[in-house]
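Notes follow the structure.
Numbered from 1 within each chain, the chains take letters A, B, ... in sequence-line order.
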Amino acid sequence: MEYVLQTSDLKKTYGHYTALNGLSMNVPKGSIYGFVGKNGSGKTTLIRLVCGLQQPTEGELQIYGVGHNDRAISKVRRKLGAVVETPSIYLSMTAEENLKEQYRILGMPSFEDIAELLKLVGLENTGKKTAKNFSLGMRQRLGIAIALAGQPDFLILDEPVNGLDPQGIVEIRELILKLNRERGITVLISSHILDELAKLATHFGFIDRGRVVRELSAAELESACRKRVEIAVTDIKALCKALDGFGLEYAVTSDARAEIYGELDITELTLKLYESGCRVLALNERNEDLESFYINLVGGDRNEQTIDR
Amino acid sequence: MNRLLIANLMRLKHSKLFWAALAVMAAVPTVAIFSKLIYGTNRAVDDAMFLYPILIGVAVAIFIGIFMGTEYSEGTIRNKLMIGHTRPMIYLANLITAFGAALAMLVAYMLPLLVLGFSIFGTPFMSGATFAKIFFVSLTAILSFCALHMMVSMIYANKAGASVVNLLTAFLMLFIASWLLSKLSEPEFITAYGTGSGTELIRNSAYLEGGLRIFCQMLVDLLPMGQAMQIALGVCDKLWVLPIYSVALTAVCTVVGIAVFNKKNIK
């Protein structure tokens, strides 16, 4: 698999505070990578390192296979567009002027794409209104337009729907999906709004205390989260035989426990096991969503502790 | 670098602060000329000719603090870094832009002086060669002002904070330079009134001597505002020393500024 971004044992410290503590992650090309973590877990710090705003204390970071200490990283970063925390826009300028300024910084030969870009983010009718009079959603969309000015292959969005109204959230979501599907742009989105990420992401990385604790694809996550029954029995072989007989999908998790997927007739299974001399010790129905998966992964007790940096 | 300069210059064009600074710079010689016209003097152009380094010193302190601080406060400096512009290039482009803005302020000051002053009072008494020498020295002093305030603004990522520090630095320099110049201008001998015929000269105890005098003179020569005041008052004996100090201060500020900016964590 080809990766746009890879990090290996990345560390970043601010004085005595460790923001990233050996973070390793892989963002596949063409994916929408949902970067999930609570406040203070290190999401924004990682994004700052990727964008070259800060330098790692230890470890390595590669963008398109080029290391962060390589001189060629400056050229590679031209393939990158990002909105870090708040949109980087001149508040005294109009949307068009802001884009022209970014085109000049990029050294683009003409401004003819600007109208199309404004239309893409839904700001084509803002005229002479300066960015300081824009709503939060409009500023966010202008920030994305600026990030798209250099026609990037890799777009990084840090909490893109924070503070937006429901309509704004839907618009940003549709825009991200459009960019990914129609332009093939790889997107890294950090967020703690899990429901929103679940609607977008093709891959997930879960970060806690400066480390990625789990990386998986949306399909793997769906499999991990799907409806299942956890069963504990006295004879696991009898259980397997009965489940095979019913044609059910299952996974043995220990010598006395298993997880059964799909629709299950509990009475029929219990009778079948009784006939085999196997007793059912416990039965739990589980139906995890992304949120409960995340809580289970990082520990709900620690989830209350939030650190804003 | 060119791309950064073009982008900065276009932003300068949109900056109300920049245009306000130009208006103030143009207003000062205009008012000076008309006031001289009222009080009647034929040295109006000469008197007002080299006041601009002091004015520009204060104006660029505010201008650089706000104009460059906006890059931090609105986060737009990230747009430059994220697409691969190196930090030294960003720093140098900002310094050149600031110097360009200061030169525009100089033009704004000189235009009414030349147009109104020359047409009302005629050509100045100062020779062309003297004007050229002082003008060159003033340019290097303005460059050192820009380098000093740029260093503060690029290191201190707070627009209001950097503007206040810049302004305080400018006025502190003005205060120190005024005090030093008054001390240095003390005569070595003064008339001792009330003794003998009343014309006897005695040593002035306030006169600075030896190493202390050399140190104070060096300090006033080194401070950009000290240079500006010496140019404005026409009290500099060794004009050729001032550009050396200016270039040295510019180099030190720029090297320190780039080194710190290179290591800086941008949020």
Side-chain angles (χ1 to χ4, degrees), chain A residues 12-15 19 44-45 47-57 63 66 71-94 97-108 130-132 139 143 146-147 149-150 152 154 156 158 309, chain B residues 1-21 63 66-94 96-97 100 154-155 157-160 258-267:
Chain A
K12 178 67 183 174
T13 55
Y14 300 98
T44 302
T45 303
I47 288 173
R48 287 177 186 148
L49 300 188
V50 174
C51 293
L53 303 177
Q54 301 183 2
Q55 285 294 307
T57 311
I63 305 169
V66 178
R71 288 180 77 88
I73 195 76
S74 295
K75 280 189 181 171
V76 171
R77 283 210 170 97
R78 292 206 57 165
K79 294 183 182 178
L80 193 151
V83 181
V84 186
E85 290 180 291
T86 51
S88 306
I89 52 177
Y90 292 108
L91 297 176
S92 59
M93 291 185 185
T94 64
E97 286 166 352
N98 263 292
L99 280 170
K100 280 184 177 174
E101 188 69 3
Q102 187 64 10
Y103 270 49
R104 288 184 195 106
I105 292 167
L106 285 158
M108 306 278 273
T130 53
K132 66 172 171 271
R139 287 184 192 183
I146 286 171
F154 182 27
I156 299 172
D158 186 13
R309 277 190 74 82
Chain B
M1 173 75 109
N2 284 348
R3 286 183 264 149
L4 290 169
L5 280 174
I6 291 166
N8 278 354
L9 290 176
M10 291 314 291
R11 195 158 81 80
L12 202 59
K13 198 179 133 193
H14 280 102
S15 168
K16 286 177 186 163
L17 176 74
F18 173 66
W19 291 106
F63 172 76
I66 294 175
F67 190 78
M68 300 304 164
T70 300
E71 296 264 337
Y72 281 116
S73 67
E74 294 178 2
T76 45
I77 196 162
R78 299 184 298 205
N79 292 340
K80 296 174 179 175
L81 286 166
M82 282 188 294
I83 58 155
H85 286 295
T86 64
R87 293 186 185 216
M89 284 301 121
I90 292 171
Y91 190 102
L92 290 174
N94 285 354
I96 294 168
T97 306
M154 294 302 279
I155 290 173
N158 178 308
K159 184 164 97 171
I258 289 175
V260 177
F261 181 58
N262 249 341
K263 299 273 177 198
K264 192 169 181 60
N265 286 326
I266 310 282
K267 285 197 170 179

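- For A/Pro87, the part lying under 4.5 angstrom from a heavy atom of chain B is the backbone only.
- Only the side chain of A/Gln102 comes within contact range of chain B, judged by heavy atoms closer than 4.5 Å.
- Heavy atoms closer than 4.5 Å to chain B are found nowhere in A/Lys132, neither backbone nor side chain.
- Heavy atoms closer than 4.5 Å to chain B are found in both the backbone and the side chain of A/Leu91.
- Distance alone, capped at 3.5 Å, is enough to place a donor-acceptor pair between the A/Gln54 side chain and the B/Ile266 backbone.
- Taking A/Leu80, A/Asn98, A/Leu106 one by one and counting their heavy-atom pairs under 4.5 Å with chain B, the maximum is reached by A/Leu106.
- Comparing B/Lys263, B/Lys264, B/Arg87 by heavy-atom pairs within less than 4.5 Å of chain A, the highest count is held by B/Arg87.
- With contacts defined as side-chain heavy-atom distances shorter than 4.5 Å, the pair A/Val84/B/Met82 qualifies.
- The structure places NZ of A/Lys12 at 4.0 Å from CG of B/Asn265, a figure rounded to the nearest 0.5 Å.
- Only the backbone of B/Asn8 comes within less than 4.5 Å of a heavy atom in chain A; its side chain stays farther off.
- B/His85 places a side-chain N or O within 3.5 Å of a backbone atom of A/Ile105 that can act as its donor or acceptor partner.
- With chain B as the partner, the residue from A/Lys100, A/Lys79, A/Glu97, A/Lys75 showing the most heavy-atom pairs under 4.5 Å is A/Glu97.
- Between A/Thr86 and B/Arg78 the shortest side-chain heavy-atom distance falls below 4.5 Å.
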